[in-house]
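The analysis underlying the following values was restricted to heavy atoms, covering all of them including side chains, and did not include hydrogens, waters or symmetry mates.
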Amino acid sequence: MGPFRAVKGVQDVLPPDVFLWQHIESIACDVFRAYGFDEIRPPILEHTEVFTRSIGQATDIVDKEMYTFTDKGNRSLTLRPEGTASVVRAFVQNGMHTLPSPQKLYYMGPMFRYERPQKGRQRQFHQIGVEAFGISDPKLDAEVIAMLMELLRQVGLGGLSCEINSLGCSKCRPAFREVLVKFFTPKLGSLCTDCVRRHNENPLRILDCKVPGCIKERKGAPAATDHLCGECREHFETLQILLNDLRVSFTLNPEMVRGLDYYTSTAFEVTSTDLGAQNAVAAGGRYDNLVKDFGGPDTPAIGFALGMERLVALLSDKAVSAEAPVLDAYVVSIGKEPVRKGLVIAERLRMKGFRTEVSYGSSSLKNQMRRADKLGARYVIIIGEDELREGMLSYKRMSDGASGKVSASEAEGLLSTDKNN
RNA sequence: GUGGGCGUAGUUCAACUGGUUAGAGCACUGGAUUGUGGUUCCAGAUGUUGGGGGUUCGAGUCCCCUCGCCCACCCCA
């Protein structure tokens with residue numbers, strides 16, 4: 001291999017895979033539109049502080065996974081590792097809080113994290129995400145979660161379950177943290193080294209550790225949901241009632257902890273055991289303090305992000321694929337003048353919306369036919385000296401070999417007759 | 001950042017314990033007498049065996065380094 005290889009951890013999405021990507025994106029747009037979400041297209045590049053101040057200085061993402069560089073104007077810039085921070089920045093910068101509330105936005109595009117690639121984890125990966133601002137009512141939480149499940153259902157992943165939890169707000173979380181620290185302090189000796197560190201930095205994470213010893217030690221550990229303030233508890237309970245009303249199946253997972261610091265209150269996650277170690281398909285939650293932290297007015301918000309590569313992997317496992325576009329016509333021509341005429345005919349068909357290919361070389365009729373077959377053309381249009389003289393076109397329907405002669409305008413009718421779907 | 005597995009034509013794979021010009025299927029290009037595809041037959045092109053160094057009379061095969069891919073830890077969508 002020469003020097004021109006894709007960068008480690010990034011990959012090309014080629015046909016026919018890209019058809020599935022387009023299919024998913026198209027369904028996502030439709031679903032989001034139905035729920036009242038509009039698209040926002042934030043830049044991929046942001047000032048580094050946008051991420052350090054939101055995701056959290058002590059998180060792995062900020063600590064060691066960001067693509068950060070200094071530009072020629074001596075600014076520290078970063079390729080976005082996630083979407084929420086950019087959308088919040090845009091929301092604040094553009095004064096979107098003055099627009100009717102709630103503001104509901106969605107985005108899709110590449111994210112960048114400098115990690116060791118493995119199954120379901122690339123350095124450039126793609127997310128579809130949504131963010132809704134301005135409403136603290138759990139109705140919004142329920143709506144957002146229901147929308148996510150509906151999106152998954154429509155792309156062909158019905159039956160996945162959603163786990164939910166509440167992390168508490170700025171009022172009740174500090175107290176819960178204290179309770180946790182107290183619970184684990186006598187067990188420090190039996191926890192893994194990472195969890196000993198977490199005990200100081202972010203004790204919530206101990207609940208998420210996968211080391212068997214730690215799993216054992218946290219039996220009987222206090223659950224966040226038992227230490228919520230009255231407001232948070234009511235919010236969480238109402239959310240569950242609403243999800244039941246909406247027939248969204250979910251399970252409570254008091255051990256679920258989100259990895260980004262800005263999350264508060266409601267947290268949710270959709271996972272699949274078919275994904276290997278990186279099992280989260282989509283995840284999200286509330287971040288009621290983030291807009292304020294970015295210098296905007298105190299504005300509650302909630303969102304989620306869905307991993308495209310992981311979703312595509314799950315769908316591929318289930319043999320879900322999107323069909324390649326059908327080639328309506330292949331124009332075969334023999335002779336110098338007919339080739340020119342063929343281009344004109346093809347152009348005309350294309351303007352009518354028929355996917356049309358022409359043969360570019362001047363190979364034999366047999367070869368051109370062979371090519372038409374290989375491309376899966378529904379019809380072959382043949383132009384030779386005879387057709388040119390008669391002002392007609394020969395055609396052949398590839399499905400059954402039926403052939404005949406038609407005028408150019410009749411050809412259009414022919415192509416549309418059994419153009420199904 | 002730390003482990004483990006793996007790198008041979010576009011692709012899927014071959015090549016006995018190191019031994020002559022590294023092979024095959026699929027795919028690709030062309031052909032099988034005069035203007036009609038799918039099956040069949042014939043022919044053709046393509047690799048510095050990921051890269052570099054070493055051992056050897058001789059390395060795709062053994063050793064070292066490096067790069068990449070895959071999986072896991074970690075972390076996350």
Side-chain angles (χ1 to χ4, degrees), chain A residues 1-3 5-11 14 55-56 58-65 80-84 108-129 148 192-195 197-198 202 205 208-211 256-260 263 268-272 275-285 303-314 330 332-335 338 359 361 363-388 394-404:
Chain A
M1 295 294 166
R5 290 182 52 83
V7 168
K8 176 174 179 143
V10 315
Q11 58 188 190
L14 310 171
I55 298 170
T59 59
D60 278 16
I61 294 179
V62 166
D63 204 34
K64 48 189 186 190
E65 295 174 2
R80 64 180 183 193
E82 60 114 31
T84 301
M108 33 185 82
M111 308 293 163
F112 304 84
R113 281 156 40 178
Y114 191 89
E115 297 180 273
R116 195 78 175 267
Q118 73 181 69
K119 189 178 176 72
R121 193 174 76 184
Q122 288 82 41
R123 288 184 173 181
Q124 177 180 333
F125 59 103
H126 297 76
Q127 289 187 335
I128 295 179
L148 169 60
C192 70
T193 53
D194 282 327
C195 282
R197 180 174 49 82
R198 290 177 181 129
N202 192 349
R205 292 273 188 80
D208 212 26
C209 185
K210 287 162 196 156
V211 176
M256 184 181 65
V257 178
R258 313 271 45 255
L260 286 67
Y263 283 112
F268 55 96
E269 201 169 275
V270 179
T271 60
S272 167
L275 279 172
Q278 312 302 316
N279 62 356
V281 188
F304 68 74
L306 176 151
M308 269 302 264
E309 284 82 356
R310 293 180 187 181
L311 179 57
V312 167
L314 285 177
Y330 188 87
V332 162
S333 46
I334 304 148
S359 82
S363 55
S364 68
L365 175 60
K366 199 183 192 79
N367 266 333
Q368 295 188 51
M369 290 300 294
R370 200 179 285 177
R371 179 137 191 85
D373 181 59
K374 218 166 278 179
L375 294 175
R378 293 168 53 230
Y379 281 87
V380 171
I381 303 294
I382 302 166
I383 306 169
E385 299 295 348
D386 296 350
E387 286 78 6
L388 214 56
S394 290
Y395 74 86
K396 181 165 185 176
R397 185 165 60 205
M398 299 301 268
S399 57
D400 60 359
S403 59

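- When the P atom of B/A72 is taken as reference, atom CD of A/Glu115 falls 13 Å away, rounded to whole Å.
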Dot-bracket encoding of pairs in RNA chain B, which uses [ ] for pseudoknotted crossings and | for another strand, Watson-Crick or G-U under 3.5 angstrom: (((((((..((((.....[...)))).(((((.......))))).....(((((..]....))))))))))))....

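- In the set B/C74, B/C73, B/C28, B/C28 carries the atom at the smallest distance from any side-chain atom of A/Lys374.
- Side-chain nitrogen and oxygen atoms of A/Arg116 include none within less than 4.0 Å of the OP1 or OP2 phosphate oxygen of B/C70.
- Candidate nucleotides B/G35, B/C73, B/A77 were compared by shortest atom distance to the side chain of A/Gln278, and B/C73 ranks first.
- Between A/Gln118 and B/A72 there is a side-chain polar atom (N or O) within less than 4.0 angstrom of OP1 or OP2.
- Regarding A/Lys366, its NZ atom lies at a distance of 12 Å from the C1' atom of B/C41, rounded to whole Å.
- The base of B/C74 sits with one of its N or O atoms less than 3.5 Å from a complementary donor or acceptor on the side chain of A/Arg121.
- Among B/U36, B/G38, B/G68, the nucleotide with an atom closest to any side-chain atom of A/Lys396 is B/U36.
- B/C69 atom C1' lies 12 Å from atom CD of A/Gln122, rounded to whole Å.
- B/C76 atom C1' lies 10 Å from atom CG of A/Asn279, rounded to whole Å.
- Among B/A77, B/U29, B/A72, the nucleotide with an atom closest to any side-chain atom of A/Gln127 is B/A77.
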